[in-house]
Amino acid sequence: MKEYICKIATVDEMETKWNYEIKKHKSSNWKIWKTESIERVKNSQCVVYYGILNGKIICETTAMLDKSIVQNSDELVNDKTAYLCAFRTIEKYRCKGFFSKLFRFMIDDLKSKGYEKVTLGVEPTETENLKIYKHLGFNKFIKSAQETYPNGTVIDVDYYEMEL
C-alpha cells in the first residue's frame, strides 16, 4: 500500500532534496539556490512544501512570503499575497495527482495563515506549464518582466494571480 503525505519540509529534508537536484542538474545555480532556500526557511521568509511517497520526496513547491527575496516583487508579494515557485515533481510521478494534493495542502496552509492571493511566474515559452497553472486557477495576468539567474542567465517571465 502506498503512503503519500504532504507536509512542510524540514531543513534535513531540504538538504536531501537539494542534493538530489544538484546531482541531477549539474548547474552552479542549483548550489546557490540550495543555500538561499535553506537560509530563507530558517529566516521565515518562505515555506517549502513536500509530497512524500513511501518516505521519498517526489514533489515540491515553495511559497515566498517576503518581497525582498522575489525578483520583480511589486504586485507579487505582500502581507496577504504569497509568491509560489519551484513546482517540481519527479518525472515518473507526474500526472498521477500527487502534485495536485500537495498544491491543495499548500493553499489550505496559506489560507490558514491569512493569505488571500497567490502569484507565480512562468516563461512565455512554457505553454504546457501555463495550461496547468490556468487549470489550477491562475487566470489573472499581472505583468511581464525579466528575471536573472545566479549565473547571469536572463529569462522572460509572465506573472499570474489566483485568489484564495
Side-chain angles (χ1 to χ4, degrees), residues 6 8-9 14 17-18 21-22 24-25 27-51 57-91 94-95 97-164:
C6 299
I8 294 173
M14 290 176 67
K17 182 66 164 77
W18 277 109
E21 295 294 346
I22 289 166
K24 180 179 167 190
H25 291 94
S27 164
S28 62
N29 289 330
W30 293 86
K31 290 179 182 175
I32 293 166
W33 289 330
K34 172 187 176 182
T35 302
E36 288 176 347
S37 182
I38 290 171
E39 194 62 30
R40 290 169 176 171
V41 163
K42 289 178 179 177
N43 292 334
S44 301
Q45 294 173 297
C46 71
V47 180
V48 176
Y49 301 88
Y50 285 161
I57 301 162
I58 63 164
C59 56
E60 69 178 291
T61 186
T62 297
M64 307 286 255
L65 310 176
D66 182 336
K67 69 185 301 170
S68 72
I69 62 170
V70 176
Q71 294 184 52
N72 307 307
S73 63
D74 287 345
E75 302 176 83
L76 302 179
V77 185
N78 59 47
D79 60 343
K80 297 289 182 192
T81 306
Y83 180 76
L84 309 182
C85 61
F87 288 16
R88 296 187 197 102
T89 302
I90 293 173
E91 192 166 352
R94 292 181 188 160
C95 302
F98 293 114
F99 184 81
S100 293
K101 288 178 184 169
L102 179 63
F103 183 79
R104 178 59 30 219
F105 175 84
M106 175 183 58
I107 294 302
D108 290 345
D109 182 60
L110 291 170
K111 278 184 183 177
S112 77
K113 292 175 177 167
Y115 288 89
E116 298 172 356
K117 295 184 220 174
V118 289
T119 57
L120 57 70
V122 59
E123 293 180 58
T125 57
E126 294 179 330
T127 55
E128 288 304 309
N129 286 348
L130 182 55
K131 283 181 194 173
I132 293 167
Y133 302 153
K134 286 188 178 273
H135 175 75
L136 290 171
F138 291 89
N139 294 308
K140 181 181 176 190
F141 174 79
I142 301 171
K143 64 181 177 179
S144 295
Q146 292 186 320
E147 292 186 8
T148 305
Y149 287 166
N151 68 2
T153 300
V154 176
I155 60 168
D156 293 323
V157 181
D158 291 335
Y159 299 97
Y160 293 86
E161 173 185 291
M162 179 178 94
E163 293 201 23
L164 304 182

Rounded to the nearest 0.5 Å, how far apart are [atom1] of [X] and [atom2] of [Y]?
| X | Y | atom1 | atom2 | value |
| --- | --- | --- | --- | --- |
| T62 | W33 | OG1 | CH2 | 12.0 Å |
| K17 | I22 | NZ | CD1 | 11.0 Å |
| L65 | S44 | CG | OG | 8.5 Å |
| C6 | D109 | SG | CG | 11.0 Å |
| F99 | I132 | CZ | CD1 | 9.0 Å |
| I90 | F98 | CD1 | CZ | 11.0 Å |

Counting C-beta onward and ignoring hydrogens, is there a side-chain heavy-atom pair between [X] and [Y] closer than 4.5 Å?
| X | Y | value |
| --- | --- | --- |
| V118 | F138 | yes |
| Y50 | I57 | yes |
| D156 | Q146 | yes |
| L110 | L84 | yes |
| R104 | I107 | yes |
| T119 | E75 | no |
| E163 | K140 | no |
| M106 | L102 | no |

*asked:* Checking Y160 against L130 for the side chain to side chain contact (heavy atoms under 4.5 Å, CB included) test, could you report, in this order, the C-alpha distance in whole Å, the side-chain angles of both residues, the deciding distance, and whether it holds?
replied: CA-CA 9 Å; Y160 293 86; L130 182 55; 3.6 Å; yes

*Dump the intermediate steps for side chain to side chain contact (heavy atoms under 4.5 Å, CB included) on N72 and V157, then the final yes or no.*
CA-CA 10 Å; N72 307 307; V157 181; 5.8 Å; no

Hey, is the main chain of [Y] close enough, under 3.5 Å, to the side chain of [X] for a donor-acceptor pair?
| X | Y | value |
| --- | --- | --- |
| E161 | I142 | no |
| S73 | I69 | no |
| T61 | C85 | yes |
| N139 | M162 | no |
| N29 | N151 | yes |
| K143 | D74 | yes |

*asked:* Is it true that, when you exclude E91 itself, more than 12 heavy atoms of the residues, nucleotides or ligands shown sit nearer than 6.0 Å to its CD?
replied: no

Give me the atom names and distance for the closest heavy-atom approach of [X] to [Y].
| X | Y | value |
| --- | --- | --- |
| F105 | I8 | CE2-N, 4.0 Å |
| Y115 | N78 | CE2-O, 3.9 Å |
| L76 | T81 | O-CG2, 3.3 Å |
| S37 | C46 | O-SG, 4.2 Å |
| T89 | R94 | O-NE, 2.9 Å |

_According to side-chain contact (heavy atoms from CB on, under 4.5 Å), who are the partners of S100, at least two apart in sequence or on a separate chain?_
none

*For I38, all residues meeting side-chain contact (heavy atoms from CB on, under 4.5 Å), sequence neighbours excluded*: V11, M14, E15, K34, K42

*asked:* For residues 63-85, which residue pairs pass the ring-ring contact (aromatic ring centres under 6.0 Å, His included) check, not counting sequence neighbours?
replied: none

*Aromatic rings W30 and W18: how do their planes relate, parallel, tilted or perpendicular, breaks at 30° and 60°?*
tilted

